[in-house]
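The next block holds one structure in the form of structure tokens; read it before the comments.
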Amino acid sequence: MAAWSAEAEALATALIARVEVPAALAKARRLGVLRAEEFRRAIRAFMEDWPDLVQLPLTEALAVRAADLAVAHGLKGYDAVHLASASLLAELVDAPLVFAAFDRALRRAARAEGLTVLPETG
């Protein structure tokens with residue numbers, strides 16, 4: 001992920017990532033996937049990077065779009081919010097947009113919505 005983001009002109013995320021990333025890191029810590037120091041470093045890095053991210057808020061229009069995507073692709077709620085945010089951003093910017101996700105269903109849905117997805121496999 002670091003290599004991808006280093007090449008990016010800008011990084012954007014749905015505002016809900018402010019909750020989801022620490023929650024996912026905490027779960028990884030509880031499951032023993034991350035050691036305590038790795039967890040602390042990851043949280044610190046995320047918090048340091050957060051102000052530099054373009055943060056897309058959840059609006060009524062975005063929620064409607066996310067609900068439609070959730071139904072169309074069988075996505076979990078917040079996965080649909082991330083995809084809706086990315087698809088909206090893709091419509092608004094005149095630059096290549098790459099959607100990074102590690103959930104197979106979300107990557108499949110993003111491809112179906114016409115987004116370039118990383119990682120390409122998995």
Side-chain angles (χ1 to χ4, degrees):
M1 183 81 160
W4 302 334
S5 61
E7 295 177 20
E9 186 174 316
L11 298 174
T13 188
L15 183 59
I16 193 63
R18 177 61 182 86
V19 177
E20 284 197 306
V21 170
L25 292 170
K27 181 177 181 180
R29 173 66 187 119
R30 284 190 309 276
L31 295 175
V33 175
L34 292 177
R35 294 186 307 255
E37 184 52 34
E38 292 170 318
F39 169 76
R40 284 191 292 276
R41 271 197 313 267
I43 289 287
R44 190 174 3 190
F46 175 70
M47 294 310 301
E48 288 172 1
D49 290 344
W50 182 253
D52 297 326
L53 301 175
V54 174
Q55 301 162 20
L56 302 162
L58 180 60
T59 63
E60 178 67 24
L62 190 66
V64 168
R65 182 185 288 230
D68 291 344
L69 290 169
V71 171
H73 298 289
L75 296 173
K76 294 178 275 186
Y78 285 134
D79 285 350
V81 170
H82 287 292
L83 181 54
S85 297
S87 75
L88 175 63
L89 188 59
E91 292 171 9
L92 296 175
V93 299
D94 186 28
L97 184 135
V98 177
F99 184 75
F102 299 95
D103 178 272
R104 260 181 222 184
L106 181 53
R107 284 197 314 270
R108 186 174 33 247
R111 283 188 196 98
E113 292 297 317
L115 296 175
T116 300
V117 179
L118 288 174
E120 294 175 356
T121 61

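The model shown is predicted, which means the values in this text are computed figures rather than measured ones.
- Although no hydrogens or angles enter the test, the distance criterion places a donor-acceptor pair under 3.5 Å between the side chain of Arg111 and the main chain of Glu120.
- Criterion: ILVMFWY side-chain heavy atoms under 4.5 Å apart, direct or through other members. Under it, Leu83 and Val19 are not part of a common hydrophobic cluster.
- Distance alone, capped at 3.5 Å, is enough to place a donor-acceptor pair between the Gln55 side chain and the Trp50 backbone.
- Minimum interatomic distance between Tyr78 and Glu20 (heavy atoms only, all atoms of both residues): CB-OE2, 3.3 Å.
- To the nearest 0.5 angstrom, Phe99 atom CZ is 12.0 Å from Thr116 atom OG1.
- Within the model, atoms CG of Leu25 and CD of Glu38 stand 11.0 Å from one another, a figure rounded to the nearest 0.5 Å.
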Fill in: Steps toward side-chain contact (heavy atoms from CB on, under 4.5 Å) verdict (Leu58, Ile16)
CA-CA 8 Å; Leu58 180 60; Ile16 193 63; over 6 Å; no
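- The shortest non-hydrogen separation linking Phe102 to Pro119 is CE2-CD, 3.9 Å.
- At least one side-chain heavy atom of Glu113 sits under 4.5 Å from a side-chain heavy atom of His73.
- In the hydrophobic clustering (ILVMFWY side chains linked at under 4.5 Å, chained through shared members), Val33 is joined by Leu31.
- Taken together through direct or relayed side-chain contacts under 4.5 Å among Ile, Leu, Val, Met, Phe, Trp and Tyr, Val54 and Phe46 form parts of separate hydrophobic clusters.
- Scanning all heavy atoms of the two residues, the minimum distance from Ala110 to Val117 falls at CB-CG2, 3.6 Å.
- You'll find the side chain of Glu37 reaches within 4.5 Å of the side chain of Arg40, heavy atoms only.
- A distance of 9.0 Å separates CG of Leu56 from CG of Leu15, quoted to the nearest 0.5 Å.
- To the nearest 0.5 angstrom, Leu62 atom CG is 10.5 Å from Leu89 atom CG.
- In this structure, Glu48 does not pair ionically with Arg41, as no charged nitrogen and carboxylate oxygen lie closer than 4.0 Å.
- Other residues, nucleotides and ligands place no more than 12 heavy atoms under 6.0 Å from the CD atom of Glu60.
- Hydrophobic clustering, with ILVMFWY side chains joined whenever heavy atoms are under 4.5 angstrom apart, keeps Leu88 apart from Leu69.
- Between Ala90 and Leu97, the shortest heavy-atom contact is N-CD1, 3.8 Å.
- Among all heavy-atom pairs drawn from Leu75 and Ala105, the shortest one is CD2-O, 3.8 Å.
- Across every non-hydrogen atom of Ser85 and Ala14, the tightest pair is OG-CB, 3.5 Å.
- Within the model, atoms CG of Asp103 and NE2 of His82 stand 10.5 Å from one another, a figure rounded to the nearest 0.5 Å.
- Salt bridge annotation for Glu91-Arg65: present, with a cationic side-chain nitrogen under 4.0 angstrom from a carboxylate oxygen.
- The CG atom of Leu106 sits 4.5 Å away from atom CG of Asp79, with the distance rounded to the nearest 0.5 Å.
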